[in-house]
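Note that the coordinates shown come from a computational prediction; the quantities given were computed from them, not determined experimentally.
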Amino acid sequence: MRYSQMLLPTTRETPSEAEVVSHQLLLRAGFISKLTSGIYTYLPLGLAAVQKVAQIVREEMNRAGAQELLMPMVQPADLWIESGRWRKYGAELLRFTDRHERESCLGPTHEEVVTDLARRLLKSYRQLPKNLYQIQTKFRDEIRPRFGLMRGREFVMKDAYSFDVDDAAAGLSYQNMYDAYHRIFTRCGLDFRAVEADTGSIGGSFSHEFMVLAETGEDTLVICEDMQCGYAANVEKAAVAPPGGSVAGEAEDRVMIRVETPGMKKVAVVAEFLGATPKQVVKTMIFLADNEPVAVLVRGDREVQPVKLKNLLGATEVEPLDDKAAYDLTRLPVGYLGPVDLPLKTVADQEVMAMANCITGANEKQYHLTGVRPGRDFQPDLVGDVRRITAEDSCPSCGGSLRLTEGIEVGHIFKLGTAYSEAMNATFQDSEGRERSFVMGCYGIGVSRVVAAAIEQNHDDNGIIFPLPLAPFQVILLNLGLGSDAITSAAEELYRRLQEGGLEVLYDDRDERPGSKFKDADLIGLPFRVTVGKTLEKEGLIEIRERRSGEVEKVPPEQAA
RNA sequence: CGGGAAGUGGCUCAGUCUGGUAGAGCACAGCGUUCGGGACGCUGGGGUCGGAGGUUCGAAUCCUCUCUUCCCGACCA
């Protein structure tokens, strides 16, 4: 491609709307152009990068035995009513009515459509297993789109759906996709981890997220330092090992005492006032779980992990309440709450139950209790693992040490079981002639997000540094001697020969000064830069420079490869 | 939806407090000099100051309403 003919609007300045690096560089390097919040046009270079990812995904999906199809973007409400998600999905589902007053929506995902397809086309166990996928633009009316391609409302996604005869077979399909995902992200040249994850709104029983490690990630991961172990999980999910040590050791029975703690609502303040540490305090927080207030107890220095709480309660939605909302709802002395005689459903973190002698609120303004003994002085309705894991915790799998890191979710695979097939009555006949529901799995990859994630992980002050497999072109060829026939004809010749050699080449034939060309080349971030300029006249050589390392090699023009 | 910030030429921003002829740099067009890390000089084109209403002799500037965008939280590929 000749740069002079390409729509490739690079800018020197960073548009003020962009906060994260990938967004800034995508805009500056002329990859995308914003239409409105969370909705972008992919300019030629941006599209080329997206297509690189898509092609890798496609090849590996096909290799794994999946078949590509393309489902409609507009979907009838009927299907969503059948699955129950018309009600559950919420405002993220963009709904509208057509001219016949039929309710419809823009597809944020395709479980309903594909399940409908399966129940009509797949009748026999002999047709199974099947794995169907598509690469398509999805629409989710995100509450807050942000970070450019990282969280858009429109985005390119690969979604695959597997249909199996039973759980065991579905497990194989799941594993097959797990392996395919590993190959995909490895081929993309990304530093990633597969982690255990929460299943979220798609539902189902088991899932892994594929995370690209990058500082700007929206998720936090825990990774076991022991490479042998390989444990990795989203902190939303990461199980905390039950506390060791027995309570009996500190069994000297303390008596509960009520003490005045004027104006002390914060754990740290109370602890200091009483000559203790936050570790001896039980923190009582109010959450709203499916519209019912619940008191949650964790050690004073811990944080509640809402997703774990949600799963423990079996609730569909859980949110923390601030002091005012909590008071309005419960009329309790917020700031001085404690589990003793608390008139609310109470959930305790497992760790709290192992505390022998603790400080809690007294459920009375300006007062706390000391010497409280869980199990003796109060009995929670539910005990479980609800706190957020920390780097100080030990690996729940091997007991080794853990590391916390940020990640960008680029893929997510789920075991769905029969949730959708049962709801939508999607059945086939097994080998004994019985009707059975498909056992399903679903597997997503944020194709456009992969591009953003790759840039988050691979850039420097001068611009993008594309991993070779994702680069929209492999080489940028600079002609720095437009005034010189010798240089220009050498550059043209090289352009032709590189292409004939099977390389994708962006040929910068613009009438620009060398400085601008170098800057643009760095910004766009193609892996190799070939420069034809005055060194050709002086030494008869051209330069090949690797974008990532900056290493330069001078060779005669004939040898370029 | 809650909290915060911002809307002035294609981009980055000044001007707003204290009302009085709409500015700069970059980008764009022309001419000349330049030409290996975003050159320089001269000339030129381009702006309903987000929108509506109000106050005023006079509004980018003050008031009211509204729209949009960005950031922080809940959601997710």
Side-chain angles (χ1 to χ4, degrees), chain A residues 9-20 23 27-28 33-38 53 57 89-93 108-109 135-160 181 197-202 207 209-212 218-219 234 236 287-288 306-307 310 317-322 324-325 408-414 442-453 462-463 478-484 487 511-523 529 531-538 543 545 550 552:
Chain A
T10 59
T11 63
R12 192 196 309 230
E13 294 189 271
T14 304
S16 56
E17 68 186 50
E19 199 74 10
V20 299
H23 190 196
L27 288 167
R28 282 193 56 208
S33 171
K34 188 176 77 174
L35 179 61
T36 183
S37 181
V53 177
V57 169
Y89 211 92
E92 215 169 285
L93 184 64
T109 176
I135 296 173
Q136 186 211 33
T137 298
K138 292 283 186 282
F139 190 92
R140 291 183 190 172
D141 200 357
E142 291 282 342
I143 304 165
R144 185 153 88 87
R146 61 182 143 168
F147 301 158
L149 293 192
M150 205 98 102
R151 178 181 294 285
R153 295 150 82 201
E154 261 195 38
F155 57 98
V156 179
M157 176 168 164
K158 186 283 301 180
D159 48 323
Y181 274 40
D198 186 62
T199 50
S201 68
I202 304 233
S207 103
E209 288 169 333
F210 286 77
M211 296 283 192
V212 168
E218 295 184 280
D219 292 271
N234 194 314
E236 288 180 351
F287 279 72
L288 198 60
V307 173
K310 185 183 81 176
E317 206 169 331
V318 156
E319 62 173 322
L321 291 178
D322 60 33
K324 188 179 171 301
I408 300 167
E409 182 186 357
V410 289
H412 203 157
I413 60 179
F414 301 83
C442 81
Y443 317 94
I445 290 180
V447 173
S448 43
R449 184 183 279 181
V450 168
V451 174
N462 294 316
L478 303 188
N479 178 350
L480 298 189
L482 279 174
S484 151
I487 291 174
D511 182 16
E512 289 288 339
R513 299 168 61 82
S516 305
K517 295 194 176 192
F518 287 135
K519 288 290 185 191
D520 278 335
D522 285 350
L523 179 59
R529 185 184 81 193
T531 308
V532 184
K534 69 183 186 194
T535 52
L536 181 73
E537 289 181 317
K538 287 184 186 158
E543 287 172 12
R545 181 174 188 269
V552 177

Asker: Could you tell me how far apart A/Arg146 (CZ) and B/U69 (P) are, to the nearest whole angstrom?
Answerer: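 Those two atoms, CZ and P, are 16 Å apart.
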Asker: Ignoring hydrogens, what is the shortest heavy-atom contact between A/Lys517 and A/Asn479? Give both atom names and the distance.
Answerer: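 Residues A/Lys517 and A/Asn479, closest heavy atoms: NZ-O, 2.8 Å.
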Asker: What contact category does A/Glu209 fall into here, base, sugar-phosphate, or nothing, at under 4.0 angstrom with non-hydrogen atoms?
Answerer: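 The residue A/Glu209 makes no contact with any strand.
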Asker: Please measure how far the C1' atom in B/U43 lies from the corresponding atom in B/G53, and state the result in whole Å.
Answerer: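 Going atom to atom, C1' in each nucleotide, I get 43 Å.
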Asker: Now, which nucleotide makes the Watson-Crick or G-U wobble pair with B/C75, with each of the two distances under 3.5 Å?
Answerer: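 None - no nucleotide pairs with B/C75, as no candidate has both distances under 3.5 Å.
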Asker: How far does the P atom of B/G9 sit from the matching atom of B/U56, given to the nearest Å?
Answerer: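 That atom pair is separated by 30 Å.
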Asker: Rounding to an integer number of Å, can you tell me how far A/Leu480 CG sits from B/G38 P?
Answerer: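 Result: 13 Å.
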Asker: May I ask you to verify whether the side chain of A/Asp520 and the base of B/G38 hold a donor-acceptor pair under 3.5 Å?
Answerer: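 Pair found.
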Asker: Both distances under 3.5 Å, Watson-Crick or G-U wobble: report the partner of B/C26, or none.
Answerer: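 Partner of B/C26: B/G10.
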Asker: A/Glu92 has a side chain; which of B/C75, B/G36, B/A77 sits nearest to it?
Answerer: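 Out of B/C75, B/G36, B/A77, the nucleotide with an atom closest to A/Glu92's side chain is B/C75.
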Asker: Roughly how many Å is it from CD1 in A/Ile487 to P in B/G36, rounded to a whole number?
Answerer: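 After rounding, the reported distance stands at 10 Å.
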Asker: Could you tell me whether the side chain of A/Leu480 reaches within less than 4.5 Å of the side chain of A/Phe518, counting heavy atoms only?
Answerer: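 When only atoms from C-beta onward are counted, A/Leu480 and A/Phe518 do touch, with a gap below 4.5 Å.
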Asker: Give me the distance, rounded to whole Å, that separates B/A27 from B/G20 when you measure between the P atoms they each carry.
Answerer: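 Per the computed distance, 32 Å lies between those P atoms.
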Asker: Could you pull out the closest heavy-atom pair between A/Ser448 and A/Phe155, with the gap in Å?
Answerer: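 What the structure gives for the nearest pair is OG-CB, 3.5 Å.
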Asker: Would a 4.5 Å heavy-atom cut-off, applied to side chains only, mark A/Thr10 and A/Lys519 as touching?
Answerer: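 Counting from C-beta outward, A/Thr10 and A/Lys519 never come under 4.5 Å.
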Asker: When we call it a touch if two heavy atoms are under 4.0 Å apart, what does A/Gly411 touch: a base, just sugar-phosphate, or nothing?
Answerer: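 Sugar-phosphate contact only - A/Gly411 comes under 4.0 Å of backbone atoms but never of a base.
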Asker: Contact class for A/Gly152 (heavy atom, under 4.0 Å): base, sugar-phosphate, or nothing?
Answerer: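 Base, at least one base atom sits under 4.0 Å.
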Asker: Might you point out which heavy atoms bring A/Gly550 and A/Arg545 nearest each other, and give the distance in Å?
Answerer: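 For A/Gly550 and A/Arg545, the tightest heavy-atom pair comes out as O-NE, 3.8 Å.
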Asker: Counting only Watson-Crick or G-U wobble pairs whose two distances fall under 3.5 Å, which nucleotide matches B/C31?
Answerer: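 Its partner is B/G41.
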Asker: I'd like the P distance from B/C42 over to B/G47, given in whole Å.
Answerer: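 To the nearest whole Å, 24 Å.
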Asker: So A/Asp219, base contact, sugar-phosphate only, or nothing? Heavy-atom distance under 4.0 Å.
Answerer: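 A/Asp219: base contact, heavy atoms under 4.0 Å.
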Asker: Check every strand shown and say whether A/Lys158 touches a base, only sugar-phosphate, or nothing at a heavy-atom separation below 4.0 Å.
Answerer: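 A/Lys158: no heavy atom of the nucleic acid under 4.0 Å.
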Asker: Please give the distance between the C1' atoms of B/U48 and B/C40 as a whole number of Å.
Answerer: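 Each nucleotide's C1' atom is 36 Å from the other's.
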Asker: Kindly indicate whether the side chain of A/Thr535 and the base of B/G36 share any N or O donor-acceptor pair separated by less than 3.5 Å?
Answerer: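 Under the 3.5 Å cut-off, the side chain and the base do form a donor-acceptor pair.
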Asker: Less than 4.0 angstrom between a side-chain N/O of A/Ser16 and OP1 or OP2 of B/C13, yes or no?
Answerer: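 The answer is yes; a side-chain N or O of A/Ser16 sits under 4.0 Å from OP1 or OP2.
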Asker: Taking atom C1' of B/G36 as reference, at what distance in whole Å does atom CZ of A/Arg545 sit?
Answerer: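 Going from A/Arg545 (CZ) to B/G36 (C1'), I get 12 Å.
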Asker: Could you work out the separation of B/A24 and B/U8 based on their C1' atoms and round it to a whole Å?
Answerer: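 My reading of the C1' atoms in B/A24 and B/U8 gives 12 Å.
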Asker: Scan A/Ile445 against the nucleic acid and name what it touches under 4.0 Å (heavy atoms): base, sugar-phosphate only, or nothing.
Answerer: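 Result for A/Ile445 = nothing.
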Asker: Quick one: A/Leu27 CG to B/C70 C1', roughly how many Å, whole number?
Answerer: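 It is 13 Å, rounded to the nearest whole Å.
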Asker: How is A/Tyr443 classified with respect to the nucleic acid when contacts are heavy atoms under 4.0 Å: base, sugar-phosphate, or nothing?
Answerer: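 Nothing, no heavy atom under 4.0 Å.
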Asker: Indicate, with a heavy-atom threshold strictly under 4.0 Å, whether A/Gly446 touches base, sugar-phosphate, or nothing.
Answerer: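 Base: the residue A/Gly446, judged by heavy atoms under 4.0 Å, touches a nucleobase.
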Asker: What's the separation between atom CD in A/Glu409 and atom CZ in A/Arg151, rounded to the nearest 0.5 Å?
Answerer: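 One gets 8.5 Å once the value is rounded to the nearest 0.5 Å.
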Asker: Is there aromatic stacking of A/Phe155 on B/A77 here, judged by a ring-centre distance under 5.5 Å and a plane angle under 30°?
Answerer: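 A stacking contact exists, since A/Phe155 sits close and nearly parallel to the base ring of B/A77.
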Asker: Over how many whole Å does the gap from A/Arg28 atom CZ to B/G10 atom P extend?
Answerer: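 For the pair A/Arg28 CZ and B/G10 P, the rounded distance is 20 Å.
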Asker: Using 0.5 Å steps for rounding, measure from the CZ atom of A/Arg529 to the CG atom of A/Asp520.
Answerer: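 Answer for the CZ-CG pair, A/Arg529 versus A/Asp520, is 11.5 Å.
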Asker: Please state the P separation for the pair B/G46 and B/A22 - nearest whole angstrom.
Answerer: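 Taking atom P in both B/G46 and B/A22, they lie 15 Å apart.
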Asker: So A/Ser37, base contact, sugar-phosphate only, or nothing? Heavy-atom distance under 4.0 Å.
Answerer: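 Touches sugar-phosphate only.
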Asker: Quick one: which of B/U69, B/U34, B/A77 gets closest to the side chain of A/Thr36?
Answerer: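 For the A/Thr36 side chain, the nearest candidate turns out to be B/U69.
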Asker: Map A/Glu409 and A/Ser516 onto RNA chain B by nearest heavy atom, then report which one ends up closer to the 5' terminus.
Answerer: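 On the 5' side of the pair lies A/Ser516.
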Asker: On a heavy-atom basis, which atom in A/Thr11 and which in A/Leu523 lie closest, and how many Å separate them?
Answerer: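 Heavy-atom minimum between the residues: O-CD2, 4.1 Å.
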Asker: Between A/Arg144 and A/Val410, who's closer to the 5' end of RNA chain B by nearest nucleotide?
Answerer: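 That would be A/Arg144.
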Asker: Could a donor-acceptor pair under 3.5 angstrom be found where the side chain of A/Arg151 meets the base of B/C76?
Answerer: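 Present.
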Asker: Can you figure out which of B/G37, B/C76, B/C72 approaches the side chain of A/Phe518 most closely?
Answerer: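 Out of B/G37, B/C76, B/C72, the nucleotide with an atom closest to A/Phe518's side chain is B/G37.
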Asker: Please report the distance, rounded to the nearest Å, between NE2 in A/His23 and P in B/U69.
Answerer: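 Rounded to the whole Å, the gap is 13 Å.
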Asker: Measuring from the side chain of A/Arg529 (C-beta onward, heavy atoms only), which nucleotide among B/G37, B/A77, B/C11 has the closest atom?
Answerer: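 That would be B/G37.
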Asker: Give the minimum heavy-atom separation between A/Tyr181 and A/Gly411, together with the two atoms involved.
Answerer: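 Here A/Tyr181 and A/Gly411 meet closest at CE2-CA, 4.1 Å.
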Asker: Please tell me which of the listed nucleotides, B/U12, B/G37, B/C70, lies nearest to the side chain of A/Asp522?
Answerer: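 For the A/Asp522 side chain, the nearest candidate turns out to be B/G37.
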Asker: Quick one: look up who B/C49 pairs with, Watson-Crick or G-U, both distances under 3.5 Å, and put none if it's unpaired.
Answerer: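 Pair assignment: B/C49 / none.
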Asker: Do A/Lys138 and A/Glu154 come within less than 4.5 Å of each other through their side chains, counting heavy atoms only?
Answerer: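 No, their side chains stay 4.5 Å or more apart.
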Asker: Any protein N or O atoms within reach of nucleotides 26-33 of chain B? Criterion: under 3.5 Å, listing atom names and distances.
Answerer:
| from | atom 1 | to | atom 2 | distance (Å) |
| --- | --- | --- | --- | --- |
| B/C26 | O3' | A/Arg12 | NH2 | 3.3 |

Asker: Could you tell me the Watson-Crick or G-U partner of B/C70, where both distances fall under 3.5 Å? Say none if there is no partner.
Answerer: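 Partner of B/C70: B/G4.
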Asker: With sugar-phosphate meaning primed atoms plus P, OP1 and OP2, does A/Glu17 contact a base, only sugar-phosphate, or nothing at under 4.0 Å between heavy atoms?
Answerer: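 Sugar-phosphate, backbone atoms only, no base.
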Asker: How long is the line joining CD of A/Glu543 and P of B/G37, in whole Å?
Answerer: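 Atom-to-atom, A/Glu543 to B/G37, this comes out as 11 Å.
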Asker: Watson-Crick or G-U wobble partner for B/U56, using a 3.5 Å limit on both distances?
Answerer: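 Across all strands, not a single nucleotide pairs with B/U56.
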Asker: Hey, what do you get for OG (A/Ser37) to CD (A/Glu17), rounding to the nearest 0.5 Å?
Answerer: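 Separation between the atoms: 9.0 Å.
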Asker: Please report the distance separating the P of B/A52 from the corresponding atom of B/U61, rounded so that it comes out in whole Å.
Answerer: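 My reading of the P atoms in B/A52 and B/U61 gives 12 Å.
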Asker: When rounded to the nearest 0.5 angstrom, what distance separates CZ in A/Arg449 from CZ in A/Phe147?
Answerer: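 Here the rounded value is 11.0 Å.
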Asker: Under a 3.5 Å cut-off for both contacts, is B/G19 paired Watson-Crick or G-U wobble with anything, and if yes, with which nucleotide?
Answerer: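 Because no pair has both required distances under 3.5 Å, B/G19 counts as unpaired.
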